[in-house]
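Take a look at this one; I'll ask things after.
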Amino acid sequence: MISTVILPDEAATLAFGRALAEASGGRGVITLQGDLGSGKTTLSRAVIQALGHKGAVKSPTYTLVEPYELPTGRVLHYDLYRLNDPEELHFLGMRDFLGPESLTLIEWPERGQGWLPEPDLAISIIVVNKGRELSWLAHTDYGRKLSQALTHRYR
């Protein structure tokens, strides 16, 4: 079941990111889809900072991945916008990094099609006026737990 929430401003997007961090406990695979400027990196930044990162969170547009070692565990923030071929993920060692002790946030997952694991939660962001419409869909049992926690908080 797809759940949707309207986030009227950046503050609401940051609050959703904090709620997502709390629900995830720093675990899982979450994909973020949306056009350029839709707020994928803003949401990722909120999650990473809520999990304990102090300081700036830069977009991994050119490096493709930014790892963060946090008190809650490892967070891997991928931005696949500049990925030329999904097979490049093999050379980045993506499958070696995935595990139950980490959180993986993947922007532009459609660029890694065929190489990415099934996400626990797939999030889509659409710009609506000055705000965002954020929808999510669970793909795993763990994703359904995340979805239930978010749905409960935003109903």
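We use all heavy atoms of the structure for the numbers below, so side chains are in, but hydrogens, waters and symmetry mates are not.
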So, Arg18 side chain and Ala50 main chain: donor-acceptor pair closer than 3.5 Å or not? no
Do Arg27 and Tyr142 make a side-chain contact, defined as non-hydrogen atoms from C-beta onward lying under 4.5 Å apart? yes
State, without any angle test, whether Trp136 and Ser124 hold a side-chain donor-acceptor pair at a distance under 3.5 Å. no
Determine whether Ser147 and Leu121 make a side-chain contact, defined as any pair of heavy atoms from C-beta on separated by less than 4.5 Å. yes
At their closest point, which heavy atom of Asp120 faces which heavy atom of Gly28, and how far apart are they? OD2-CA, 3.2 Å
Do Pro109 and Gln33 come close enough that some side-chain heavy atom pair is under 4.5 Å? yes
Are there over 12 heavy-atom neighbours, none belonging to Ile2, within less than 6.0 Å of that residue's CD1? no
Within-4.5 Å side-chain heavy-atom neighbours: Leu150 and Phe16: yes
Strictly distance-based, threshold 3.5 Å: is any side-chain N or O of Glu88 a donor or acceptor partner for the main-chain N or O of Asp85? yes
From the options Asp79, Thr31, Ile48, select the one residue that forms a side chain to side chain contact (heavy atoms under 4.5 Å, CB included) with Leu105. Ile48
Check whether any side-chain N or O of Gln49 sits under 3.5 Å from a backbone N or O of Gly55 as a donor-acceptor pair, and report yes or no. yes
If you group Ile, Leu, Val, Met, Phe, Trp and Tyr by side-chain heavy-atom gaps below 4.5 Å, do Trp115 and Leu80 land in one group? yes
Shortest non-hydrogen contact between Thr13 and Leu43, atoms and distance: O-CD1, 3.7 Å
Side-chain donor or acceptor of Asn129 paired with backbone N/O of Gly131 under 3.5 Å: no
Are the side chains of Leu7 and Val128 in contact, using a 4.5 Å heavy-atom criterion? no
Just wondering, do Leu36 and Tyr81 contact through their side chains at under 4.5 Å, heavy atoms? yes
Check whether any side-chain heavy atom of Val29 sits under 4.5 Å from a side-chain heavy atom of Ile106, and report yes or no. yes
Shortest non-hydrogen separation from Ser24 to Leu103 and the atoms involved: OG-CD2, 4.2 Å
Out of curiosity, does Leu137 fall in the hydrophobic cluster containing Val5 (side-chain heavy atoms, cut-off under 4.5 Å, transitive links)? no
Taking every non-hydrogen atom, the tightest pair across Ser3 and Thr151: OG-OG1, 3.2 Å
Non-hydrogen side-chain atoms of Ile123 and Leu134 separated by less than 4.5 Å: yes
Work out which heavy atom in Lys40 is nearest to a heavy atom in Asp35; give both atom names and the distance. NZ-O, 3.0 Å
So does Gln113 have more than 12 non-hydrogen atoms from other groups sitting under 6.0 Å from CD? no
If I take atom CG from residue Leu64 and atom CG from residue Asn84, how far apart are they, to the nearest 0.5 angstrom? 8.5 Å
Is Tyr154 reachable from Leu14 through a run of I, L, V, M, F, W or Y residues, each pair having side-chain heavy atoms under 4.5 Å apart? no
Taking 4.0 angstrom as the limit, do Glu66 and Lys58 come out as a salt bridge? yes
Taking atom CG of Asp141 and atom CG of Leu146, what is their separation to the nearest 0.5 Å? 11.0 Å
Can you confirm if the NZ or CZ of Arg74 lies within 45° of the ring axis of Tyr68 and under 6.0 Å from the centre of its six-membered ring? no
Which atom names give the shortest non-hydrogen contact between His77 and Pro60, and what distance separates them? O-CG, 3.2 Å
For the residue pair Thr41 and Glu107, confirm or rule out a side-chain donor-acceptor distance under 3.5 Å. yes
Between the CG atom in Leu32 and the OG atom in Ser38, the distance rounded to the nearest 0.5 Å is 8.5 Å
Before accepting this row, confirm whether a basic side-chain N of the pair Glu10/Arg132 lies closer than 4.0 Å to the acidic partner's carboxylate O. no
When rounded to the nearest 0.5 angstrom, what distance separates CG in Leu20 from OG in Ser44? 9.0 Å
